[in-house]
Amino acid sequence: MKKEIIKTNRGEFEIFVGGKGTIPICISHLYQEFLSGDEPFSNLIGQHYKVILVNLKNAGHTCKANSKKELTMEETVEDLESIREKLGYNTWAFAGHSTGGFLGLTYLNMYEEKLSEIILCGTAASNKINHSKNNLFNVENRKYRKDAAKIFFKMSFPLMSKKTKEEANKNFFQLCLYNKEKIEEYYKEIESIGINKSRMRAYSSEFRQYDVSEQIKNKSIPALILCGKYDVQCPVEFSEELHNLLPNSRLVIFEHSNHFPFIEEKEKFIIALQKFSTKNYVS
């Protein structure tokens, strides 16, 4: 992927451009930063689309936000719109995984006419996911509560060493895998992805009010909804809900995946993309 700096009326943005397809597709995430264009989600999507992978404000070499408000989902959508206009696309597609999907659904609510299609992986239309008995963030979930508490303490406590925090991050990633024995193999695929703490804090605050389920209901955009059957961050029932909300959607559930089906079931993921990109929306 080729790195570029795009100057817009809302600031300068670092993007990575590549892929084999002709349909432009924007990919981003609310609090991740991409250290290079070598990122597993966009790599697979790039087999069928022209990918524009965006580092948002405060992430990578993109400009800094002047206020916390600039880190909200709605302001971030405005940033993406400025990039689309600068690149000269009348419309483009959007793909988002996890909180990237929250961003995509907010985009859909605000600028449906600017999106040609949308790909949503392991995501949800509201903050109700945190109340699901299948979500590891639910404090009532005894299956994960003890391990998750230890991991989050090590990740957030300032005095922990860099090595300890890295190990905690790896342990958290392992909780989100179906095949946990493959942690060493799979973890290598996300080594070029970092976490931006300022964007993470902004997301955590805004997520308390996040709910676009009513606003996106019955929107006719072509949508591909993907989810691991055992997703512990955005449980599969919320992808099923999205499928019911969006009438022109295709739902694909990965039987041997947790939160990262594009890592755990690559071949099936690629097939789902191929069918969707040729406009096969038959459920």
Side-chain angles (χ1 to χ4, degrees), residues 1-6 12-63 76 79-80 83-84 87 92-101 103-104 119-123 162-163 165-174 176-179 182-197 199-200 224 226 228 233 254 257-274 276-277:
M1 298 252 280
K2 180 183 177 183
K3 174 183 169 180
E4 298 180 25
I5 299 293
I6 298 294
E12 296 187 1
F13 295 86
E14 180 182 37
I15 65 172
F16 299 92
V17 181
K20 301 175 182 178
T22 57
I23 299 173
I25 188 165
C26 175
I27 301 177
S28 197
H29 190 281
L30 276 177
Y31 56 79
Q32 286 181 350
E33 55 185 0
F34 308 107
L35 309 180
S36 73
D38 186 20
E39 186 273 329
F41 183 62
S42 55
N43 282 345
L44 294 191
I45 291 175
Q47 295 193 24
H48 302 287
Y49 293 84
K50 179 180 180 181
V51 170
I52 299 94
L53 179 65
V54 180
N55 265 329
L56 302 174
K57 285 180 179 176
N58 288 4
H61 293 95
T62 288
C63 65
T76 298
D79 290 341
L80 296 179
I83 296 171
R84 179 193 61 77
L87 293 176
W92 62 1
F94 185 90
H97 170 238
S98 197
T99 68
L103 179 59
I119 298 173
L120 304 165
C121 181
T123 193
K162 183 178 180 181
K163 183 178 180 181
K165 289 186 177 183
E166 176 65 22
E167 191 62 32
N169 188 57
K170 190 174 182 179
N171 290 339
F172 177 69
F173 179 68
Q174 189 173 32
C176 302
L177 293 177
Y178 173 77
N179 192 340
K182 291 192 174 183
I183 176 63
E184 297 299 333
E185 174 187 345
Y186 291 154
Y187 193 68
K188 292 177 182 178
E189 299 201 34
I190 65 165
E191 288 181 336
S192 65
I193 302 173
I195 301 296
N196 183 274
K197 292 181 180 179
R199 294 203 65 93
M200 170 70 90
L224 176 61
L226 309 156
Q233 288 198 47
F254 297 81
S257 290
N258 193 318
H259 193 53
F260 299 94
F262 50 90
I263 292 177
E264 297 201 87
E265 293 185 77
K266 288 183 182 179
E267 291 185 6
K268 186 176 179 181
F269 196 90
I270 291 170
I271 291 170
L273 289 171
Q274 185 178 26
F276 180 71
S277 65

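Nothing here was measured: the structure is a model prediction, and the numbers come from that model.
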- Message: In this structure, is the centre-to-centre distance between the rings of Tyr186 and Phe173 below 6.0 Å?
- Response: no
Taking the side chain as everything from C-beta on, heavy atoms only, tell me whether Ile193 gets closer than 4.5 Å to Glu39.
yes
Q) If we ignore angles and hydrogens, is there a donor and acceptor under 3.5 Å between the side chains of His259 and Ser98? A) yes
Exercise. Taking atom NZ of Lys268 as the centre, report whether more than 12 heavy atoms of other residues, nucleotides or ligands fall under 6.0 Å from it.
Key: yes
Check this for me: Glu185, atom CD, are more than 12 non-hydrogen atoms of other residues, nucleotides or ligands nearer than 6.0 Å? yes
Would Ile27 and Phe34 satisfy side-chain contact (heavy atoms from CB on, under 4.5 Å), going step by step from the backbone distance to the final call?
CA-CA 11 Å; Ile27 301 177; Phe34 308 107; 5.5 Å; no
| Quick one: do the Tyr31 and Asn58 side chains pair a donor with an acceptor below 3.5 Å? | no
Nearest heavy-atom contact between Glu191 and Leu35 is O-CD1, 4.1 Å
Donor-acceptor contact below 3.5 Å, side chain Glu33 vs main chain Gly60 | yes
Taking side chain as C-beta onward, heavy atoms only, is Thr99 less than 4.5 Å from His29? yes
Between Cys121 and Pro261 the two heavy atoms that sit nearest each other are SG-CG, 3.7 Å
So do Ile190 and Ile263 actually touch side chain to side chain, heavy atoms under 4.5 Å? yes
Heavy atoms of Leu53 and Gly37 approach each other most closely as CD2-CA, 4.2 Å
Please determine whether side-chain contact (heavy atoms from CB on, under 4.5 Å) holds for the pair Gln233 and Phe172, giving the CA-CA distance in whole Å, both sets of side-chain angles, and the decisive distance to 0.1 Å. CA-CA 11 Å; Gln233 288 198 47; Phe172 177 69; 3.7 Å; yes
- Message: Please check this pair: side chain of Thr62 against backbone of Asn55, looking for a donor-acceptor N/O pair closer than 3.5 Å.
- Response: yes
| query | Looking at side-chain heavy atoms only, is the closest gap between Leu56 and Leu103 below 4.5 Å? | reply | yes
- Parallel under 30°, tilted from 30 to 60°, perpendicular over 60°: which one fits the rings of Phe41 and His97? tilted
Shortest non-hydrogen pair, Val54 vs Cys26, comes out as CG2-SG, 4.0 Å
Closest non-hydrogen contact found for Gly46 with Val51 is CA-CG2, 3.6 Å
When rounded to the nearest 0.5 Å, the distance separating CD of Glu267 from CG of Leu44 is 11.0 Å
When rounded to the nearest 0.5 Å, the distance separating CG of Leu177 from CD of Glu264 is 4.5 Å
Do Leu80 and Phe94 pass the side-chain contact (heavy atoms from CB on, under 4.5 Å) test, and can you show the C-alpha distance, the side-chain angles, and the key distance before you say yes or no?
CA-CA 10 Å; Leu80 296 179; Phe94 185 90; 3.8 Å; yes
In this structure, OG1 of Thr22 is separated from OH of Tyr49 (nearest 0.5 Å) by 10.0 Å
So CG of Leu226 and CZ of Phe254: to nearest 0.5 Å the spacing works out to 5.0 Å
**Asked** Is there a donor-acceptor contact under 3.5 Å from the side chain of Ser192 to the main chain of Asp38?
**Response** yes
So CD of Glu4 and NE2 of His61: to nearest 0.5 Å the spacing works out to 15.0 Å
Find out whether Leu273 and Ile119 are in side-chain contact, i.e. whether some heavy atom of one side chain is under 4.5 Å from a heavy atom of the other.
yes
>> Measuring only between side-chain heavy atoms, which start at C-beta, is Arg199 closer than 4.5 Å to Lys57?
In response: yes
Heavy-atom side-chain proximity of Ile6 to Glu12 below 4.5 angstrom: no
| message | Is there a side-chain contact between Phe262 and Ile45 in this structure, where contact means two heavy atoms from C-beta onward sitting under 4.5 Å apart? | response | no
Rounded to the nearest 0.5 angstrom, the NE2-CD distance for His48 and Gln274 is 5.0 Å
Between Gln47 and Lys20, the two heavy atoms sitting closest are O-CB, 3.9 Å
